[in-house]
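Notes to accompany the following structure.
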Amino acid sequence: MFENDLHRPRYHFLPPANWMNDPNGLIQFNGEYHLFYQHFPGGAYWSDMHWGHARSRDLVHWEHLPIALKPDMPYDNFGVFSGCAVVNDGVPTVVYTAVQKDPGETIGVQLPAVATSQDLITWTKYPDNPVIRHAPTGVRADEFRDHVIWREGDEWMMLIGSAFRDAAVSGQVGGTVLLYASPDLVHWQYLGPLCVGNPAETGDMWECPDFFALSNGYETKHVLIVSPIPYGKAMHMIGTYRDRKFVPETLATHAYGGSFYAPQSVDDEQGRRVQFGWLMEKRSREAQIAAGWSGVMSLPRTFALAEDGALLAAPVDEVKLLRRQQHQQQPMPLNDSEFVPLNVRGRQLELDAVFQFDPDDVSEFGLVVARSANGEEQTRIVCDVTHQQIYIDRSRSQADQPSENAAPCPVVFSGAPVRLHVFVDGSVIEVYVDDGRHYFADRIYPTRADSMHVGAFAIGRVQVSQIDIWELNEQG
Ligand code: DQQ
């Protein structure tokens with residue numbers, strides 16, 4: 001159906017067709033990973049949220065399964081919004097956001113609801129849903145959604161992403177995550193906000209919270225990831241969780257590139273924290289509908305905590321299973337080169353390059369992907385030494401219209417080598433910088449069938465000291 005669609009990713013996860021947004025209910029059960037996702041099966045646009053479902057043994061080859069949850073109850077008639085999965089006494093259980101909006105209502109009321117399963121395929125909604133009857137006083141009933149649940153002693157703990165009622169009006173109160181505790185996932189006690197943001201930094205509503213501990217051998221920190229409205233990007237805070245409060249010590253953009261949103265992660269049986277994020281489209285609604293699909297997951301990622309306290313992300317090792325053919329490429333000098341081709345072409349590629357340079361000798365360097373033979377179309381991953389930033393230059397990604405660039409990532413080019421680890425897949429570009437402390441996910445929509453060339457460039461002098469290239473397989 002999509003054989004000739006050069007924009008459709010081939011090795012990233014996406015549904016067979018139609019709309020997908022947030023990852024939901026990510027869990028490993030009996031060795032298999034289950035990925036649920038916000039899905040509208042009726043078209044490539046957001047409407048009537050369902051939970052789509054797929055499973056995998058290795059996080060990169062997926063089997064599509066029947067839709068898991070539909071908006072078929074009075075309390076979720078407007079949609080089965082995002083949520084998470086846990087195993088409760090051996091029983092796979094999801095907690096999702098039930099949204100009720102009756103005719104004549106202007107806002108949808110959002111409340112947590114529970115469903116259980118034996119096999120993760122067929123789900124039974126709890127008869128007494130929703131399991132919390134109203135948002136706490138002062139919290140907006142229509143901004144009370146998305147869940148992360150973890151075990152603490154004998155209790156289940158849950159966060160719900162929220163906004164205070166006067167936040168939009170006063171501009172004084174930021175987004176928040178509200179903390180609940182339960183013995184059984186259906187009786188919940190409200191414990192208060194875990195953390196409240198500064199509206200100037202993180203907006204006034206936090207969607208899709210994720211919260212987990214991470215150690216680096218000598219200290220353990222907690223990571224809170226949120227997708228703040230109105231920023232349209234995921235952000236993370238690293239800090240201390242004590243006495244049921246989280247005190248952030250650092251705040252950072254979780255992903256640059258303007259496409260990665262609403263991520264969710266889970267502890268797997270290997271002890272890794274494994275995350276997927278939704279890679280939003282950057283083309284018009286009409287173009288998405290015409291394509292017949294919208295939305296794709298990031299590659300699965302995992303985390304480490306650097307000694308300096310930074311969050312380091314990396315694709316999970318299983319991504320290497322997608323490697324098909326390796327292409328040899330010798331180290332090469334770049335001397336005021338607008339484009340030096342690499343000896344591979346394609347739009348399903350992995351490039352891993354290390355650049356050595358003296359910051360006094362070069363103003364810009366980087367990699368070029370999805371370039372047409374005549375250079376009319378091209379996308380550049382730019383290390384901008386002059387302005388101390390890295391960005392993805394989409395200005396010539398698409399010949400039929402100019403594309404805007406997302407905000408750059410500020411960096412310090414000290415003269416240490418820079419590594420760019422790049423994944424290209426149809427319209428998807430993911431880039432890990434250095435040890436994974438910076439990550440980009442972006443989208444491009446070249447119009448030309450020959451926009452398959454890749455290469456490197458420099459304004460000034462740079463040495464590409466190492467470069468590995470692979471063509472990647474379709475995921476099964
Ligand atoms: N998408 C879901 C919400 C969530 C938002 C609805 C984030 O639950 O807050 O599809 O993309």
Side-chain angles (χ1 to χ4, degrees), residues 14-15 18-26 35-53 67-71 75-85 94-101 107-115 129-130 132 135 139-149 158-163 167-168 175-178 197 202-211 224-235 254-255 258-265 275-282 285 288 294-298 441 443:
L14 73 178
N18 299 316
W19 173 271
M20 178 179 76
N21 55 298
D22 318 348
N24 291 155
L26 183 62
L35 173 63
F36 302 85
Y37 52 88
Q38 291 284 280
H39 181 46
F40 177 50
Y45 53 97
W46 188 93
S47 184
D48 296 346
M49 283 295 106
H50 293 53
W51 277 30
H53 184 198
I67 284 172
L69 294 170
K70 298 177 180 167
Y75 57 79
D76 62 17
N77 63 8
F78 191 72
V80 177
F81 278 22
S82 287
C84 60
V94 298
V95 179
Y96 67 91
T97 304
V99 187
Q100 177 166 13
K101 190 169 167 188
I107 63 157
V109 173
Q110 305 177 349
L111 292 169
V114 164
N129 273 337
I132 294 174
V139 168
R140 282 178 59 168
D142 60 339
E143 302 277 32
F144 182 60
R145 63 179 175 274
D146 310 336
H147 315 278
V148 54
I149 295 181
M158 172 167 70
L159 293 179
I160 302 183
S162 303
T176 189
V177 281
L178 306 179
T202 53
D204 51 29
M205 196 283 165
W206 288 353
E207 297 191 294
C208 299
D210 195 11
F211 190 57
L224 175 65
I225 305 174
V226 295
S227 293
I229 293 177
Y231 289 92
K233 64 172 182 180
M235 302 183 79
H254 191 62
S259 172
F260 184 99
Y261 199 67
Q264 188 174 88
S265 67
Q275 182 201 54
F276 287 88
W278 166 37
L279 304 187
M280 300 184 283
E281 298 296 326
K282 288 195 175 181
R285 176 185 159 88
Q288 294 172 47
S294 175
V296 47
M297 288 300 167
S298 68
R443 306 298 300 276

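Ligands are counted one by one from 1 in listed order, and the atoms in each one are counted from 1 as well.
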Using a threshold of 4.0 angstrom between heavy atoms of the protein and any atom of ligand 1, which residues qualify?
Asn21, Asp22, Gln38, Trp46, Met49, Phe81, Ser82, Arg145, Asp146, Glu207, Cys208, Tyr261, Trp278
Test your reading of the model: is there a side-chain donor-acceptor pair from Asp210 to the backbone of Ile225, 3.5 Å cut-off?
no
Is the shortest side-chain heavy-atom distance between Pro23 and Tyr37 below 4.5 Å?
no
Would a distance-only check, ignoring hydrogens and angles, find a side-chain to backbone donor-acceptor pair under 3.5 Å from Ser82 to Asn24?
no
Out of Gln100, His50, Met49, which one pairs with Pro71 under the side chain to side chain contact (heavy atoms under 4.5 Å, CB included) rule?
His50
Find the distance between CZ (Phe81) and CD (Gln38) and round it off to the nearest 0.5 Å.
7.0 Å
Report the distance from atom CG of Leu279 to atom CZ of Phe260, rounding to the nearest 0.5 Å.
7.0 Å
